[in-house]
Visitor: 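Here it is: the structure, laid out below.
No hydrogens, no waters, no symmetry mates; every other heavy atom, side chains included, goes into these values. Proteins come first, then strands; the chains are lettered A, B, ... in the order of their sequence lines, and each starts at number 1.
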Number of protein chains: 2
Amino acid sequence: MTNQTSQCSIEKTLKQISGKWKSVIIYMLLKHPVCRFSELQRLIPDCSRRMLALQLKELEQDGLITKKVYPVTPPKTEYSLTERGKDLRTVVEGMQEWGKH
Amino acid sequence: MTNQTSQCSIEKTLKQISGKWKSVIIYMLLKHPVCRFSELQRLIPDCSRRMLALQLKELEQDGLITKKVYPVTPPKTEYSLTERGKDLRTVVEGMQEWGKH
DNA sequence: CAGCATCCCGGTCGATACTG
DNA sequence: CAGTATCGACCGGGATGCTG
């Protein structure tokens, strides 16, 4: 065994959702199941384009969202949650509720 | 109003629990309601003493845990969750479950 | 035992500009 | 429209050593 890290899996979860905008993106995709890049920009105005692209890429690599690219001009992409991503509903909505006090 | 940040409270929650060990600490305090500093060290061996002290201090400042100091030699402290902290149960346990696959 | 002080490095993130 | 490239500032966090 390589590393038993306190017998808890929270660290792995944290790594995947603690990116500055990841949980917000997931939250938005729960409410708007299919989003274009620009829609997410509007939904999360404080997140820069660069950051949005970065976080989306990581989320995709981690298998939490899928990206569908339409080969058209101008480009069009659509993002949505995978099943794995949807499973975070409890966590993300819990965060939202808790944050409201 | 200063900043409406996408009408969602997730960012605030994230700030309070995204410290590298905060959610793990909360998780441990859910299972072991009263812990000494050294107990937390044993429960979370990958977290250095420095980091543990730091995260505990921030959690305390954010009102998620309370610290009871016994004026004895050698020093003895006990940490436990506040109500506000306990309210994170859903989130933290959700993270644990999700992390297990 | 339960911390704090210091040094320091690598990753994170904003600003800005460019591209297919 | 949906990104990528580059630069630079900031700071989270590791290593180590000291203290009441």
Visitor: Send over the distance from Lys15(B) NZ to dC13(C) P, rounded to a whole Å.
Guide: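 For the pair Lys15(B) NZ and dC13(C) P, the rounded distance is 11 Å.
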Visitor: Could you tell me whether Arg89(B) sits above the aromatic face of Trp98(A), with NZ or CZ closer than 6.0 angstrom to the six-membered ring centre and within 45 degrees of the axis?
Guide: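 So Arg89(B) doesn't make the cation-pi contact.
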Visitor: Atom CG of Leu52(B) and atom P of dG14(D): how far apart are they, to the nearest Å?
Guide: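 Result: 12 Å.
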Visitor: Among dG20(C), dA2(C), dC13(C), which nucleotide sits nearest the side chain of Lys20(A)?
Guide: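 Shortest atom-to-atom distance from the side chain points to dC13(C).
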Visitor: Heavy atoms only, 4.0 Å cut-off, all strands: where does Tyr79(B) land among base, sugar-phosphate and nothing?
Guide: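 If one applies the 4.0 Å heavy-atom cut-off, Tyr79(B) turns out to touch the sugar-phosphate alone, with no base involved.
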Visitor: Please tell me which of the listed nucleotides, dC1(C), dG14(D), dG3(D), lies nearest to the side chain of Arg36(B)?
Guide: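 So the side chain of Arg36(B) is nearest to dC1(C).
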Visitor: Tell me: CD of Gln41(B) to C1' of dA2(C), nearest whole Å?
Guide: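 Result: 8 Å.
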Visitor: Can you tell me if Gln96(A) uses its side chain to pair, donor with acceptor, with the backbone of Ser9(B) under 3.5 Å?
Guide: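 Yes; at least one donor-acceptor contact below 3.5 Å.
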Visitor: Nearest heavy atom decides the nucleotide; on that basis, is Val69(A) or Leu54(B) closer to the 5' end of DNA chain D?
Guide: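 Nearer the 5' end of the strand: Val69(A).
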Visitor: Carefully, step by step, assess Leu59(A) and Ile26(A) under the rule side chain to side chain contact (heavy atoms under 4.5 Å, CB included).
Guide: CA-CA 9 Å; Leu59(A) 286 171; Ile26(A) 293 167; 4.2 Å; yes
Visitor: Measure from CD1 on Ile44(B) to C1' on dA2(C) and round the result to the nearest Å.
Guide: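 Going from Ile44(B) (CD1) to dA2(C) (C1'), I get 15 Å.
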Visitor: Which nucleotide in the list dA2(C), dC1(D), dA2(D) gets nearest to the side chain of Pro74(A)?
Guide: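 Output: dC1(D).
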Visitor: Side-chain N or O of Thr77(A) less than 4.0 angstrom from OP1 or OP2 on dG3(D)?
Guide: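 For dG3(D), OP1 or OP2 has a side-chain N or O of Thr77(A) closer than 4.0 Å.
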Visitor: For dG3(D) and Lys57(A) - does any side-chain N or O of the residue sit under 4.0 Å from the phosphate oxygens OP1/OP2?
Guide: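 Result: no.
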Visitor: Please give, in whole Å, the distance from dT6(C) C1' to Met51(B) CE?
Guide: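 Rounded to whole Å, this separation is 14 Å.
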Visitor: Would you mind classifying the nucleic acid contact of Arg50(A) as base, sugar-phosphate or nothing, using non-hydrogen atoms under 4.0 angstrom?
Guide: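 It contacts base atoms.
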Visitor: Rounding to an integer number of Å, can you tell me how far Leu56(B) CG sits from dG13(D) P?
Guide: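 Going from CG in Leu56(B) over to P in dG13(D) covers 14 Å.
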Visitor: Run the salt-bridge test on Lys22(A) and Glu58(A) with the 4.0 Å N-O cut-off and return the result as yes or no.
Guide: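 Looking at Glu58(A) together with Lys22(A), the answer is yes, because their closest N to O distance falls below 4.0 Å.
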Visitor: Map Gln55(A) and Ala53(B) onto DNA chain C by nearest heavy atom, then report which one ends up closer to the 5' terminus.
Guide: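 Checking each residue's closest nucleotide, the 5'-ward one belongs to Ala53(B).
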Visitor: Check the distance between dA15(C)'s C1' and Asp46(A)'s CG and give it to me in whole angstrom.
Guide: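 Taking atom C1' of dA15(C) as the reference, CG of Asp46(A) is at 15 Å.
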Visitor: Given atom CZ of Arg49(B) and atom P of dC4(C), what is their separation to the nearest angstrom?
Guide: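 One finds 12 Å between P of dC4(C) and CZ of Arg49(B), rounded.
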Visitor: So, is Lys67(A) close to the dG3(D) phosphate, meaning a side-chain N or O under 4.0 Å from OP1 or OP2?
Guide: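 It does, given that an N or O in the side chain of Lys67(A) lies less than 4.0 Å from OP1 or OP2 of dG3(D).
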Visitor: Checking side-chain polar atoms at under 3.5 Å, does Glu39(B) have a donor or acceptor matched by the opposite partner on Tyr79(B)?
Guide: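 There is no such pair between these side chains.
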